[in-house]
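The shown structure was predicted, so the numbers you read here are calculated from the model rather than taken from an experiment. Read the numbers this way: they start at 1 and go in the same order the structure lists the ligands and their atoms. Residue indices begin at 1 and follow the sequence shown.
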Amino acid sequence: MARLVMKFGGTSVGTVERIKNVALKVKREVDAGHEVAVVVSAMSGDTNRLVDLVSDVSVLHDAREYDVVVSSGEQVTIGLLSLALQGLGVSARSWLGWQIPVQTNAVHGAARIENIDCTEIIKRFEDQQVAVCAGFQGIGSDNRITTLGRGGSDTSAVALAAALKADRCDIYTDVDGIYTADPRIATKAAKLDKITYEEMLELASLGAKVLQTRSVEMAMKHRVKLQVLSSFEDLPGTLVVDEEDIVEQQVVSGVTYTRDEAKVTLQQVADRPGMAALVFGALADANINVDMIVQNVSEDGKATDLTFTVGRKEMNQALAVLDQLKDKAACRAIVPDPNVVKVSIVGMGMRSHSGVAKIMFSALAEKGINIQVISTSEIKVSVLLAEEYTELAVRTLHTAFGLDAA
Ligand code: ADP
Ligand code: ASP
Ligand code: MG
């Protein structure tokens, strides 16, 4: 007998038929004698619709009321799935975040889970009852409903698995595993049998939305056995594992991209001590995160260009902050460009192989793709490109690093 957490994403519960299909999958595990907690997302498209409703009523909204609205999609699916399970003769009940309770901090819209008390759920496992839990939501330290950020049901599932000391956390979704690149844009992407926590963490934070970044962080910290697999086909998925569990380590394991960033260039900023501190200090004070940065040495020692990226959604706010500094920084112009994409390659093997960046830059150059900004860490290289090259760049790098499926 094992204790399992099964998580189903929006597409997997997108229709009544699909919810019934999920119920059959859950029943199979229950019939095999396992203790099962299920975490579900809202029906696909529902959370987007709820977010839009909030924006339609109020652009600058109270985040606490935003959470009340956008968390409601999951209330529907836990009820429907519990009913579908009961219809199959399986004992099941629904749990909202506050009922479990899933305790979070009070950062509405992007709350962090602080504690999950599973006592009641575990007690009910003794009566073979399935716990059907709402993903994406919790109860804040202010005693109000919180949400965990988009894609947060993955984090709900992993946190529950950690709290339940589950044997495994299975993330059922609309692809049958983690691929070497997003299979929707890289037709030659190959499914991985295994990937390390570290690589998955980089891929997720650099744009691969198959798992929410925080869910991977949490799985890594609590050593949760994590698997990504298909809701629609009975196929083995991808296991997220420790480095030691990977026999043949590739230099590059995956290619990913994000269109969530925008580029800002401050032209001809005064080249003197304190300028970077002035610019980035002001952005930090406004809670605007900066990701990539380049600054050239000025030729005449007087002025230089300073280029960086911020979240695309924050671009206008960043421009407003920078506009106030324009005189102090003595810069000639502030040039925004939202039409950029950050494409990244990720792989543990990069730590011990040189020449990876060279292969990347040459492959892009051969296709005539200009690199605007570069950033690296131990296991990744990211480049900022014009957005129109997204597909071409991902496919080109995928081929260049020998990742194309046979
Ligand atoms: P769910 O609603 O089940 O949470 P998501 O849409 O959040 O599903 O995540 C699954 C999607 O992630 C896939 O449909 C796929 O397009 C995308 N994706 C991006 N990068 C990858 C990758 N490297 N491997 C697999 N899927 C990926
Ligand atoms: N329903 C939420 C969203 O769309 C949470 C999730 O699907 O993981 O972001
Ligand atoms: Mg998701």
Side-chain angles (χ1 to χ4, degrees), residues 6-14 18 22 39-52 54 66-67 69-78 97 102 109-111 133-138 146-160 169-195 199-216 227-232 235 237-238 240 252-260 343-347 390-391 394 397-398 403 405:
M6 305 170 79
K7 181 259 170 177
F8 295 88
T11 319
S12 313
V13 294
R18 288 183 173 178
V22 167
V39 172
V40 285
S41 298
M43 294 168 101
S44 56
D46 256 15
T47 311
N48 285 343
R49 185 179 60 82
L50 295 166
V51 169
D52 289 346
V54 172
Y66 165 94
D67 279 351
V69 178
V70 303
S71 62
S72 64
E74 276 74 9
Q75 179 159 347
V76 175
T77 45
I78 53 170
V102 175
C133 309
F136 185 49
Q137 58 171 260
T146 51
T147 63
L148 311 179
R150 298 305 304 272
S153 298
D154 297 329
T155 302
S156 307
V158 173
L160 192 62
C169 180
D170 287 335
I171 307 282
Y172 289 86
T173 183
D174 56 4
V175 283
D176 59 5
I178 298 164
Y179 278 71
T180 46
D182 185 347
R184 299 205 193 283
I185 75 158
T187 41
K188 292 183 183 155
K191 187 166 111 183
L192 298 162
D193 295 329
K194 292 177 182 173
I195 187 165
E199 286 168 324
M200 192 57 233
L201 190 59
E202 285 283 359
L203 284 174
S205 68
L206 295 167
K209 294 198 170 106
V210 61
L211 286 174
Q212 200 200 31
T213 307
R214 272 194 202 161
S215 72
V216 188
Q227 180 178 208
V228 174
L229 67 174
S230 167
S231 288
F232 307 116
L235 292 169
T238 303
V240 188
V252 170
S253 301
V255 182
T256 190
Y257 68 97
T258 173
R259 294 186 169 106
D260 293 345
V343 177
S344 310
I345 54 172
V346 170
T390 307
E391 281 84 1
V394 170
L397 295 175
H398 200 266
L403 297 174

Next on the checklist: Could you tell me, atom by atom, which parts of ligand 2 come under 4.0 Å of a heavy atom of Glu74?
Outcome noted: 1 (N), 2 (C), 5 (C)
Any N or O of [X] closer than 3.5 Å to N or O of ligand 1:
X: Thr180; value: no
X: Ile178; value: no
X: Ser12; value: no

Specify the protein heavy atom at minimum distance from [atom]: its residue, its atom name, and the distance to 0.1 Å.
atom: atom 6 (C) of ligand 2; answer: Ser153 OG, 3.3 Å
atom: atom 21 (C) of ligand 1; answer: Asp182 CA, 3.7 Å
atom: atom 5 (P) of ligand 1; answer: Lys209 O, 4.1 Å

A side-chain contact here means heavy atoms from C-beta on lying under 4.5 Å apart; do [X] and [Y] qualify?
X: Thr187; Y: His398; answer: no
X: Leu397; Y: Val343; answer: yes
X: Val102; Y: Ser156; answer: no

Item to check | SB check Arg184 Asp174 (cutoff 4.0 Å) | outcome: yes
Checklist entry - Can a salt bridge be assigned to the pair Arg49 and Asp52 using a cut-off of 4.0 Å between side-chain N and carboxylate O? => result no
With distance as the sole test, does [X] use its side chain to make a donor-acceptor pair with the main-chain N or O of [Y] at under 3.5 Å?
X: Asp176; Y: Ser230; value: no
X: Ser205; Y: Thr213; value: no
X: Thr147; Y: Phe136; value: no
X: Asp67; Y: Gly109; value: yes
X: Ser41; Y: Ser153; value: no
X: Gln137; Y: Thr146; value: no

Next on the checklist: The criterion is ring-ring contact (aromatic ring centres under 6.0 Å, His included); which residues satisfy it with Phe8, sequence neighbours excluded?
Outcome noted: Tyr172
Next on the checklist: Looking at ligand 1, is there an atom of it that comes within less than 4.0 Å of some heavy atom belonging to Gly254?
Outcome noted: no
Item to check | Whether Pro183 lies under 4.0 Å from ligand 1, heavy atom | outcome: yes
Next on the checklist: For the 3.5 Å polar cut-off, considering only N or O atoms, please tell me whether Asp154 and ligand 2 meet it.
Outcome noted: no
Checklist entry - Based purely on interatomic distance, does Arg150 place a nitrogen or oxygen under 3.5 Å from a nitrogen or oxygen of ligand 2? => result yes
Tell me which one of [options] gets a heavy atom nearest to [atom].
atom: atom 14 (O) of ligand 1; options: Arg184, Met200, Gln212; answer: Arg184
atom: atom 7 (O) of ligand 2; options: Gly151, Gly9, Ser41; answer: Ser41
atom: atom 25 (C) of ligand 1; options: Ala42, Gly177, Gly135; answer: Gly177
atom: atom 4 (O) of ligand 1; options: Lys7, Lys191, Arg150; answer: Lys7

Checklist entry - Is it the side chain (CB and beyond), the backbone, both or neither of Val210 that lies under 4.0 Å from ligand 1, heavy atoms counted? => result both
Next on the checklist: One residue to check: Gln212. Relative to ligand 2, which of side chain, backbone, both or neither has a non-hydrogen atom less than 4.0 Å away?
Outcome noted: neither
Run the numbers for me: atoms of ligand 1, each under 4.0 Å from some heavy atom of [X], listed by number.
X: Tyr179; value: 22 (C), 23 (N), 24 (N), 25 (C)
X: Asp174; value: 10 (C), 11 (C), 13 (C), 14 (O)
X: Thr173; value: 1 (P), 3 (O), 8 (O), 10 (C)
X: Ala181; value: 22 (C), 23 (N)
X: Ala208; value: 20 (N)

Checklist entry - For Gly135, is the nearest heavy atom under 4.0 Å from an atom of ligand 2? => result no
Next on the checklist: Just to check, does Gly152 reach to within less than 4.0 Å of ligand 2 when the distance is taken from its heavy atoms?
Outcome noted: yes
Next on the checklist: If you count every heavy atom of other residues, nucleotides or ligands that lies below 6.0 Å from Gln75 atom CD, does the total exceed 12?
Outcome noted: no
Next on the checklist: Show me the pairs that pass salt bridge (Lys or Arg N to Asp or Glu O under 4.0 Å) and involve residues 199-211, at least two apart or across chains.
Outcome noted: Lys209-Asp260
